[in-house]
Amino acid sequence: MAYETYYWSTSLMSKAIESQPDGEPLRAQIDHKLLCQVATDRDVAGKAEYYHALAQVAREQLARRWVETQHADRANKARRVYYLSMEFLIGRAMNNALSALDLREQAATVFTPPGPSLNEVMECEPDAALGNGGLGRLAACFLDSMATLGLPSWGYGVRYEYGMFAQSIVNGQQVEKPEAWVQDRSPWEFPRAGRHHTVHFGGSAEHSGDWAEWHPADSVEAKAFDHVIPGHGTDRVSTLRLWKAAAPSEIDLGAFNTGDYQRAAEFKNRFENISWVLYPNDSTSAGRELRLRQEYFFVSASMQDILSRHDDEYGSFDNLADKVAIHLNDTHPAIGVAELMRLLVDEHGLKWNAAWEQCRRIFSYTNHTLMPEALETWKVTLMQRVLPRHMLIIYRINHEFLDEVVRLYPGDIDLMRRVSLIDDGNGHEKDKRVRMAHLSIVGSHRINGVSQLHSDLMVQTIFADFARLYPERFHNKTNGVTPRRWLAQSNLGLSALLDERIGKEWRLDLDRLEGLRSVADDAAFGKAFAAAKRDNKLRLADYVAREVGVSLNPDSLFDVQVKRIHEYKRQLLNVLHVITRYNALLNGETAGVAPRSIIFAGKAASSYHMAKQVIRLINDVAAVVNNDPRTRDLLQVAFIPNYGVSVAELIMPAANLSEQISTAGTEASGTGNMKLSLNGALTIGTEDGANIEIRDQVGADNIFIFGNNTAQVAALRQTGYQPSELYQNDPVLKEALDKIDGGFFSPGERSRYHDVFNCLVHYGDHYLLLADYADYVATQARVDALYLTPAEWQRKAILNVAGMGTFSADRTIRDYADDTWKLQTLTNRGTAQ
Ligand code: 26V
């Protein structure tokens with residue numbers, strides 16, 4: 001059946017309704033769920049109760065699809081991919097589920113006044129924020145694409161009780177508060193009572209040849225909680241299986257039976273704390289024992305689960321690598337390499353060499369950062385204490401690997417030291433560390449970066465030795481985002497316009513956006529495009545007025561920087577521009593200036609002082625600028641609190657300008673850059689990460705690229721970069737920095753930003769903000785000029801959307817499936833490719 005008729009025909013809609021047990025229309029089903037599951041009725045139900053009832057309707061249909069998909073994969077003896085990730089930043093599930101089930105339009109007609117609207121009902125759902133940022137959201141986009149492409153696929157992760165903290169701003173400063181995303185229950189979860197595995201820790205391990213006996217000191221139960229991931233334009237679904245830690249029942253009961261409740265409670269806490277809380281993305285998290293336990297906990301449960309499924313289906317592990325692909329989302333699950341070896345050799349009796357051969361065919365690994373402080377290592381002493389058997393396995397893998405290196409490069413001791421899985425700590429036993437990236441590379445057949453630049457730098461810098469040893473393993477897989485959540489569901493205005501012009505197929509075939517090129521010059525289309533953007537800006541302005549108390553002019557240029565707060569992302573460079581613009585306006589330099597609303601959002605890791613200072617400075621600057629009647633009409637600043645998936649869904653459609661201004665060579669890819677451009681924002685950015693590929697796709701005339709590129713950054717650093725000279729020699733820059741340093745924005749505490757100033761001017765300006773400042777400010781002036789010629793701006797914005805086809809996560813996942821996982825995708829029409 002042609003895609004068009006399959007996806008959008010009323011026949012699918014009626015099929016959905018028919019497939020209900022009682023064949024009732026949606027309204028009646030909701031009433032039924034209100035009564036049976038929520039124990040209320042329409043007369044008294046509130047928004048939250050409607051939310052639960054609607055979710056139950058969707059849940060039932062998803063459950064049916066889940067059972068059918070599992071049945072089909074078993075019957076087809078499918079090869080599957082397992083995506084192991086410590087983070088899945090899912091966000092809300094309702095809108096996506098209704099869209100996948102083709103129930104959204106019908107649901108919108110059910111929720112009418114005087115009752116709550118569908119949007120109000122959907123807003124009752126808390127975000128599932130089981131991730132820090134880009135890496136976790138990428139994993140969520142990938143699950144969506146894997147399901148949509150019909151890949152037999154599973155995500156595996158941790159069912160944290162507390163995910164990402166909720167951020168509020170109090171007196172301009174970030175305040176964190178823990179957020180229990182599941183509360184009592186989530187309608188999207190299926191607890192699998194029968195699915196649990198025991199995970200061991202500590203004790204000792206005794207070697208005898210290939211095999212070893214591990215006498216663990218502790219064990220904990222991993223209990224499975226499944227989330228159904230619906231595919232779009234297909235009845236197939238995928239599974240995200242999250243593990244929750246629980247005390248083993250016999251220990252629990254032992255203390256309980258003797259009446260020692262305190263001890264029973266202590267036991268319970270000791271075990272259950274493993275899945276309590278998501279670790280932050282900061283350098284201080286490295287080396288914490290609980291984090292290592294978390295990693296091993298979910299990896300061991302997942303590997304046992306994978307092997308037991310395989311055993312059920314085939315009764316042998318000889319064909320394991322033919323049927324199983326396991327992907328490591330960064331090095332966090334890298335202990336999986338050692339765990340698979342342990343399970344195959346110690347528990348299932350395979351010979352070491354046979355197990356190792358399979359292992360290398362099974363694993364693949366994505367690197368997500370080149371930042372040296374983010375590369376994961378664990379102290380050997382800690383690893384030995386927590387996972388003694390795995391330490392032995394890692395030593396053996398290392399021994400055999402280094403033998404191979406010696407054969408290839410005899411006598412190159414320095415090379416051996418560099419590539420070893422163990423950093424020898426300059427001979428100090430206590431400083432020895434296991435390098436998780438090296439374990440991942442040695443144990444995998446494919447290693448990739450997440451943009452072309454990042455993949456190139458990866459093989460030229462941090463993994464250069466490995467690229468020489470195993471050149472065939474290194475590839476690039478540029479990131480992508482799901483067009484369902486990031487356009488179809490979050491930007492209804494633009495979506496309707498696209499449907500009208502290029503048809504509806506872009507949802508599953510984003511290359512169709514190319515069709516917009518021919519209407520980029522069409523004045524009527526440009527007008528409609530601008531009107532859709534304006535509606536989205538009004539919606540965001542409404543939200544900002546309510547949440548922040550700042551009223552934004554919807555006709556001003558919405559200039560948006562939304563992402564984690566980090567020095568390398570250079571929010572501070574943006575602030576320098578804000579202050580420079582403010583100063584110019586005070587000087588009466590208003591000619592050619594477009595009215596702007598500069599919008600920030602993002603969380604700082606709670607222990608990251610400098611990032612928190614940046615948030616505070618943004619808010620202090622906003623307080624001064626927003627309250628100055630001399631500049632108010634031309635400049636507004638807003639920091640939107642609690643950035644996450646749902647807030648992003650509101651911001652992305654409303655942006656005119658996308659700030660992607662990291663120091664060249666530091667942002668591995670970025671994915672916000674793709675979401676913003678897809679929603680018709682123009683980018684101002686450096687030659688970093690995927691910005692370069694965005695330029696290739698949209699054309700250099702339709703993007704504002706500025707600043708030093710990676711080669712120039714390296715050269716600057718090598719020749720001795722002197723930020724204080726730039727400060728002294730540029731009076732405009734000096735004025736902005738002096739205002740920060742002198743307490744202009746913090747009159748109650750003049751020294752508040754002394755450390756920020758010093759960091760830039762006197763302590764080396766590690767991320768080269770001052771080196772890129774002048775070009776950034778000049779480029780921002782070009783942005784103004786373009787915004788003041790709206791027809792030209794519209795044309796370029798349309799060409800941005802037109803060029804985004806390749807940044808669909810469907811393209812990325814197809815690349816992984818073909819090249820890395822060797823998996824057959826099903827086309828959107830449901831036939832094998
Ligand atoms: C970075 C840092 C920086 C130094 C302090 C400690 C620390 C810890 C973690 C990280 C980033 C971890 C990996 C990560 O989230 N990478 C992001 O992955 C995205 C998806 O591939 C990509 O778009 C972002 O550019 C990349 O930063």
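All ligand and atom numbering here is 1-based and tracks the order in the structure.
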E659 with R570: basic N within carboxylate O range, under 4.0 Å =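 No, this pair does not count.
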query = What are the two closest heavy atoms between A604 and Q167, and how far apart are they?
reply = N-NE2, 4.5 Å
request  = Name the option, out of G134, G670, P372, that contains the heavy atom nearest to atom 22 (C) of ligand 1.
outcome  =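 Ranked by closest heavy atom to atom 22 (C) of ligand 1, first place is G670.
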Is [X] close to ligand 1, meaning an N/O of one under 3.5 Å from an N/O of the other?
{"X": "D330", "value": "no"}
{"X": "Y568", "value": "yes"}
{"X": "N479", "value": "yes"}
{"X": "K569", "value": "no"}
{"X": "A668", "value": "yes"}
{"X": "E373", "value": "no"}

Option passing ring pair (Phe, Tyr, Trp, His ring centres under 6.0 Å) with H327 (candidates F142, Y365, W821, Y82) =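 Checked F142, Y365, W821, Y82 against H327; only one passes ring pair (Phe, Tyr, Trp, His ring centres under 6.0 Å): W821.
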Just which atoms of ligand 1 are under 4.0 Å from any heavy atom in [X]?
{"X": "E667", "answer": "24 (C), 25 (O), 26 (C), 27 (O)"}
{"X": "V450", "answer": "21 (O)"}
{"X": "A374", "answer": "1 (C), 2 (C), 7 (C), 8 (C), 9 (C), 10 (C)"}

Six-ring centre of Y721, R717 cation under 6.0 angstrom, axis tolerance 45° =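 So R717 doesn't make the cation-pi contact.
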query = Do K563 and Y643 meet the cation-pi criteria used here (NZ or CZ under 6.0 Å from the six-membered ring centre, within 45° of the axis)?
reply =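 No, a cation-pi geometry is absent between K563 and Y643.
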query = For ligand 1, is R137 a contact, meaning one of its heavy atoms is under 4.0 Å away?
reply =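 Heavy atoms of R137 never come under 4.0 Å of ligand 1.
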Step-by-step salt bridge (Lys or Arg N to Asp or Glu O under 4.0 Å) determination, R446 to D819 = CA-CA 9 Å; R446 280 281 189 276; D819 175 60; 3.5 Å; yes
query = Side chains of N96 and H232: donor-acceptor distance under 3.5 Å anywhere?
reply = yes
Could you pull out all donor-acceptor pairs under 3.5 Å where a side-chain atom in residues 645-653 meets a protein atom, sequence neighbours excluded?
residue, atom, partner, partner atom, Å
S646, OG, D127, OD1, 2.4
S646, OG, D127, OD2, 3.4
E649, OE2, R485, NH1, 2.8

